[in-house]
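Worksheet: the structure to be examined is printed underneath.
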Amino acid sequence: MTFHLAVALDGTGWHPASWREPGARADELLTAGFWVDQVREAEAGLADLVTFEDAFALPGSERADRVQGRVDAVMTALRVGPVTSHIGLVPTVIATHTEPFHVSTQIATLDWVTSGRAGQRIKVSSDPAEYALFGRRDPEDRESLFGEAADHVEVQRRLWDSWEDDAEIRDAATGRFIDRDKLHYIDFEGAHFSVRGPSITPRPPQGQPVVTALAHVDTAYRLAARSADVVFVTPDGTGRDGPTGDAASILAEVRAAEGATDRTTPLHVFGDMLVLLDDTADAARERLRRLDAADGTELRSDARILAGTAADVADVLASWQDAGLTGARLRPAVAAHDLPRITRELVPELQRRGLHRTAYDADTLRGLLGLAHPADRYATA
């Protein structure tokens, strides 16, 4: 069984001091070339997909020694798409402060310009600073936030189906560009959105671009089970180099959440890990200590932090596969250093163990993940 591999991209890396490292290219952080090079590196490692982080509020804005400012994740994916060939592109979408109609057309456009390699990571926000940016009400309770996100995805999915696959005729001889009978109103009425449709963008090449979510708690597991194709989870998300024993228990929680839905295709479950890779584990741990000292605080993460060798990371990924996880999403601590170590050292190690592909074997992200092209819910015989 294929063990899938994703790379999570966040600026110069997931360590706050990564921008100070040699080769970090912090002065190019807002340029297209910076992002193109990172995604091409991940594609050279035959990764299934990359995710692009996003947020509306500035991170750690009280500190002048940390990176401030970012480029929009969806726009970045749209720029990278035409100059890559196989890898899936999955920008973060914050459902709490966006409209599903607009997002659905953005992701559908990304799917068209990449010939079927688009996805999104759906995210909720309870940050008062982000609410203030939009003049919204005070942050809601968790259930309401995740309910809004589920409705957001449902509206998007219906809009992607609002054009049947063959709605466009494009017959210049007869003057018929479109079959109007194959465009459909979605007439969605929910607690958070009221959307009639149809979309302004034809059905994406994948039919349904891939939806992903990061989940740590039961509410998020339920969102993923109801709305997503892939869920990113955090085995041993307590910090540094712990045991690997809770992957199976997290998987059981995800499957239990699935059991309360009517879905017929099981979620892909990817474990997240923040990695620092070097020739020896001692060298990796020393680099982590140096980065922590530069930042003035110890690195913390919702996911496991592993400072070690490619073989150390491969051992954990193998244990995750044994526990039933279907993939991993790796967060390079310093993109300039750790991303090439992932693609040029970890990937060959995984290939030697039969845990990673040796060539791309599908043309779409759904194909890479083994997901079928879905039927259009509104299509008639």
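This one's a predicted model, so the numbers in the text were calculated from it and none came from an experiment.
Of all the heavy atoms in L325 and F270, the pair that sits closest is CD2-C, 4.3 Å. Contact between R79 and V36 at its shortest, heavy atoms only, is NH1-CG2, 4.2 Å. In terms of heavy atoms, A359 sits closest to L46 at N-CD1, 3.6 Å. A42 approaches V50 most closely through the heavy-atom pair CB-CG1, 3.5 Å. Taking both residues in full, the closest heavy atoms of L159 and S104 are given as CD1-OG, 3.4 Å, listed atom of the first, atom of the second, then distance. When all heavy atoms are compared, the tightest approach of D54 to V71 is OD1-O, 4.3 Å.
Looking at heavy atoms from C-beta onward, T212 lies out of side-chain contact with V231 at the 4.5 angstrom threshold. No side-chain heavy atom of P204 sits under 4.5 Å from any side-chain heavy atom of I107. Contact check for R366 versus D229: side-chain heavy atoms found under the 4.5 Å cut-off. S115 has its side chain out of reach of P205: every pair of non-hydrogen atoms, C-beta onward, lies at least 4.5 Å apart. Counting heavy atoms from C-beta outward, T92 and F52 have side chains that stay 4.5 Å or more apart. Under the 4.5 Å side-chain criterion, counting only non-hydrogen atoms from C-beta, V230 is not in contact with V269. Side-chain atoms of Q156 and F101, non-hydrogen and from C-beta on, never get closer than 4.5 Å to each other. Looking only at side-chain heavy atoms (C-beta outward), I87 and L89 come within less than 4.5 Å of each other.
Under the 3.5 Å distance criterion, with hydrogens and angles disregarded, a donor-acceptor pair is assigned to the side chains of S194 and E189. For the residue pair T309/D312, the side-chain donor-acceptor check at 3.5 Å is satisfied. In the model, R222 has no side-chain atom that pairs as donor or acceptor with a side-chain atom of T261 under 3.5 Å.
Panel note: side chain R263, backbone A225; a donor-acceptor pair is recorded below 3.5 Å. When atom types are taken as modelled, the side chain of Q120 and the backbone of V211 share no donor-acceptor pair closer than 3.5 angstrom. Using modelled atom types, one side-chain atom of R117 and one backbone atom of T84 make a donor-acceptor pair closer than 3.5 Å. With hydrogens and angles ignored, the 3.5 Å screen pairs no side-chain donor or acceptor of R157 with any backbone N or O of Q208. At least one donor-acceptor pair under 3.5 Å links the side chain of S199 to the backbone N or O of T201. Judged by distance alone, with hydrogens and angles left aside, the side-chain atoms of S227 form no donor-acceptor pair with the main-chain N or O of A224 at under 3.5 Å. Looking only at distances, a side-chain donor or acceptor of D246 sits under 3.5 Å from a matching main-chain atom of D236. Formation of a donor-acceptor pair under 3.5 Å by the T12 side chain with backbone atoms of A26 is not found in this model.
Within the structure, salt bridge (charged side-chain N to carboxylate O under 4.0 Å, His left out) pairs that include any residue of residues 3-14 comprise D10-R70 (at least two apart or interchain). Applying the ring pair (Phe, Tyr, Trp, His ring centres under 6.0 Å) definition to pairs two or more places apart or across chains, none involves residues 10-39. Listed by first then second residue, pairs satisfying ring pair (Phe, Tyr, Trp, His ring centres under 6.0 Å) with a partner in residues 276-305 number zero, not counting sequence neighbours. Sequence neighbours left out, the pairs with a member in residues 37-49 that pass salt bridge (charged side-chain N to carboxylate O under 4.0 Å, His left out) are R25-D37, E41-R344, D48-R357. Identified under the ring pair (Phe, Tyr, Trp, His ring centres under 6.0 Å) test for residues 147-183, with sequence neighbours left out: H152-F193. Residue pairs that meet the salt bridge (charged side-chain N to carboxylate O under 4.0 Å, His left out) test with at least one member in residues 368-377, sequence neighbours left out, are E154-R377, D161-R377, R203-D376. Within the structure, ring pair (Phe, Tyr, Trp, His ring centres under 6.0 Å) contacts touching residues 335-380 (residues at least two apart or in different chains) are H86-Y360, H184-Y378. Listed by first and then second residue, the salt bridge (charged side-chain N to carboxylate O under 4.0 Å, His left out) pairs involving residues 315-337 are E53-R329, D272-R329, D272-R331, D302-R331, D315-R353 (not counting sequence neighbours).
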Query raised in the report: What's the verdict on ring pair (Phe, Tyr, Trp, His ring centres under 6.0 Å) for Y131 and H97, showing C-alpha distance, side-chain angles and the deciding distance?
Result: CA-CA 8 Å; Y131 276 69; H97 301 299; 4.9 Å; yes
**Report entry** Pair K182-D165, salt bridge (charged side-chain N to carboxylate O under 4.0 Å, His left out): steps then yes or no
**Finding:** CA-CA 9 Å; K182 295 190 176 184; D165 286 319; over 6 Å; no
Query raised in the report: After noting the C-alpha distance and the side-chain angles of V93 and T98, does the key distance pass the side-chain contact (heavy atoms from CB on, under 4.5 Å) rule?
Result: CA-CA 8 Å; V93 168; T98 57; 4.0 Å; yes
Query raised in the report: Is there a salt bridge (charged side-chain N to carboxylate O under 4.0 Å, His left out) between D292 and R289 once you walk through the steps?
Result: CA-CA 5 Å; D292 285 352; R289 284 191 289 270; over 6 Å; no
Requested in this report: Test side-chain contact (heavy atoms from CB on, under 4.5 Å) on L368 and D361 and set out the steps.
Outcome: CA-CA 7 Å; L368 291 175; D361 51 7; 3.6 Å; yes
Query - side-chain contact (heavy atoms from CB on, under 4.5 Å) assessment of L291 paired with L276 - result: CA-CA 11 Å; L291 287 163; L276 300 95; 3.9 Å; yes
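Applying the side-chain hydrogen bond (donor to acceptor under 3.5 Å, both in side chains) criterion to D72, with sequence neighbours excluded, gives no partner residue. Judged as a side-chain hydrogen bond (donor to acceptor under 3.5 Å, both in side chains), and not counting sequence neighbours, the contacts of D111 are Q206. In this structure T326 satisfies the side-chain hydrogen bond (donor to acceptor under 3.5 Å, both in side chains) test together with H268, sequence neighbours excluded. With sequence neighbours excluded, the residues satisfying side-chain hydrogen bond (donor to acceptor under 3.5 Å, both in side chains) with E258 are R255.
Judged by a 6.0 Å distance limit and a 45° cone about the ring axis, R196 is positioned over the six-membered ring of Y185.
Screening E286, R287, E345 for a side chain to side chain contact (heavy atoms under 4.5 Å, CB included) involving D278 leaves a single residue, R287.
A salt bridge is absent between R226 and D262; no separation between the charged side-chain nitrogens and carboxylate oxygens falls under 4.0 Å.
Surrounding CG of D218 are more than 12 heavy atoms belonging to other residues, nucleotides or ligands, all under 6.0 Å away.
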